[in-house]
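The structure displayed is predicted, hence computed values, not measured ones. Each chain gets a letter, A, B and so on, in the order the sequences are listed, and its residues count up from 1.
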Amino acid sequence: MRLLRKLVVVVLILAVLSGAAFYWLTIPRPLTAADLPEHTLDLANGETMFWAGGCGSCHAEEKAKGDDKKKLGGGLALITEFGTFRVPNISPDRETGIGEWSALEFVNAMKRGIGRNGSHLYPAFPYASYQRMYLGDLLDLKAYLETLPPVSKVSEPNDLKFPFNIRRGLGLWKLLYLDGKTFEPDSEQTEQVNRGRYLVEGPGHCAECHTSRDFAGGLNRMLNLAGAPAAEGDGFVPNITPSKDGIGDWSASDIAYSLESGFTPSYDSLGGSMTSVQENFSHVSAADRDAVAAYLKSIPPLPSPPR
Amino acid sequence: MKLQNVTRLSVLAVSATLMTVSLAVSQDDPVKARQESMKQVGAATGAMGKMVKGEIDYDAAAAEKAMTQIRDAAEKFADKFPEGSDQGKTEAAPKIWEDKEGFKTATAKLHKDADGAIAAAGTDLDSLKASFGKVASNCKSCHETYRVKKN
């Protein structure tokens with residue numbers, strides 16, 4: 001009897017300890033006001049970040065074109081193996097959008113994946129990429145978003161499977177895949193390649209679709225940009241490394257032209273969700289498209305993952 | 001018979017055979033047929049695209065021919081997707097069969113836009129430039145919805 005009682009006590013202590021460990025490990029860790037720099041807002045740069053970041057591809061109506069891409073009322077449903085994610089309203093509407101959000105709250109969503117109420121956001125919102133962005137760029141982006149038309153539309157909740165529906169568990173995911181580091185240029189590389197890498201890894205979040213994922217939904221960095229099964233449907237997102245499986249036979253100007261016009265070197269057209277991405281990139285400067293191209297030519301050529 | 005003639009004849013024979021084979025293949029195999037058709041459209045688009053980009057000189061006859069090829073390919077393109085041809089090595093999206101009307105409308109729009117641009121394509125480079133974009137925008141808007149990349 002005594003032994004059994006001891007055993008129960010030990011089990012209880014272990015349960016409390018692991019509960020405490022889970023609680024402590026999964027606490028959202030936001031930035032504070034002191035982390036924000038002195039900054040003079042630049043709306044034109046904010047617009048560049050908006051197009052490079054592709055906000056409208058998910059937060060506007062499905063397949064929105066032209067100025068409709070600036071109406072960020074949300075509503076797109078992303079049907080994935082984890083369940084259905086419903087993209088929220090990020091228009092500057094005060095009741096149903098993010099019109100009331102402070103710059104700090106916005107920065108915490110983008111860099112820490114933390115919502116306004118302090119809880120974790122799902123990484124279907126690609127903050128694992130956006131965390132690389134410079135704070136100044138994020139402040140400019142927030143200011144630009146405030147100039148867009150408010151859309152009054154209540155965001156719908158996600159519909160996710162267990163255990164993915166437990167938000168707190170995302171704290172563990174973040175321990176694995178979120179390092180909170182801002183982009184740092186590589187001094188061995190040219191300014192152009194560094195700019196391209198910033199656009200690809202930060203706002204452009206290219207790897208979120210072009211890199212395959214491990215069992216926990218984190219990006220497999222060993223296969224950076226080597227293509228991946230599409231998150232939705234049965235397609236394959238192309239390998240964009242300079243290899244035989246990828247786009248090794250494209251010149252840098254071919255890559256830049258495809259982002260500008262939507263045409264591949266053989267005058268096939270980009271399609272699927274890349275259509276929307278390409279139309280976003282047609283709005284950034286030619287210098288930025290050239291930078292993305294220069295970076296993509298500089299990365300290691302990799303074969304596509306087996307499927 | 002001179003050796004040269006023999007060579008010529010055999011080249012003719014081989015190409016005739018190849019043509020018959022490819023015809024036979026396209027008739028039995030809608031997937032191949034539509035892929036061939038898209039390849040031709042891609043080549044025609046490229047011919048004009050290179051003129052628009054300034055990579056090759058403008059050639060009125062070639063531009064007009066290319067635009068006509070696109071129109072002709074678009075005319076019957078939607079018929080190349082019979083029931084059951086969604087299997088095998090195809091990048092045709094299931095949406096083509098789920099939304100047949102939408103797909104037909106999309107190909108009809110390409111047909112109409114290309115038809116309306118034939119005259120302009122054969123006029124001069126500026127007219128080609130002015131009409132090319134509208135026709136070309138059909139490529140990606142259709143591929144956005146009705147194609148699934150597989151590699």
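- Residues passing the salt bridge (charged side-chain N to carboxylate O under 4.0 Å, His left out) test with B:Lys100 are B:Glu83, sequence neighbours excluded.
- In this structure B:Glu101 satisfies the side-chain hydrogen bond (donor to acceptor under 3.5 Å, both in side chains) test with no other residue, sequence neighbours excluded.
- Among the candidates B:Ala44, B:Ala43, B:Gly46, the residue making the largest number of heavy-atom pairs closer than 4.5 Å to chain A is B:Gly46.
- Qualifying side-chain contact (heavy atoms from CB on, under 4.5 Å) partners for A:Pro306, counting only residues two or more places apart in sequence or in other chains: none.
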For chain B and chain A, what donor-acceptor pairs lie under 3.5 Å, backbone included?
{"unit_1": "B:Cys139", "atom_1": "O", "unit_2": "A:Ser269", "atom_2": "OG", "d": "3.4"}
{"unit_1": "B:Lys140", "atom_1": "NZ", "unit_2": "A:Gln278", "atom_2": "OE1", "d": "2.9"}
{"unit_1": "B:His143", "atom_1": "O", "unit_2": "A:Gly272", "atom_2": "N", "d": "3.0"}
{"unit_1": "B:His143", "atom_1": "ND1", "unit_2": "A:Ser269", "atom_2": "OG", "d": "2.6"}
{"unit_1": "B:Glu144", "atom_1": "OE1", "unit_2": "A:Lys65", "atom_2": "NZ", "d": "2.8"}
{"unit_1": "B:Arg147", "atom_1": "NH1", "unit_2": "A:Asp268", "atom_2": "OD1", "d": "3.0"}
{"unit_1": "B:Arg147", "atom_1": "NH1", "unit_2": "A:Asp268", "atom_2": "OD2", "d": "3.1"}
{"unit_1": "B:Arg147", "atom_1": "NH2", "unit_2": "A:Ser269", "atom_2": "O", "d": "2.6"}
{"unit_1": "B:Lys149", "atom_1": "O", "unit_2": "A:Phe236", "atom_2": "N", "d": "2.7"}
{"unit_1": "B:Lys150", "atom_1": "O", "unit_2": "A:Arg307", "atom_2": "NH1", "d": "2.6"}

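- Most heavy-atom pairs under 4.5 Å with chain A: of the set B:Cys142, B:Gly133, B:Gly49, this distinction falls to B:Gly49.
- With a 4.5 Å cut-off on non-hydrogen atoms, B:Ala47 does not touch chain A at all.
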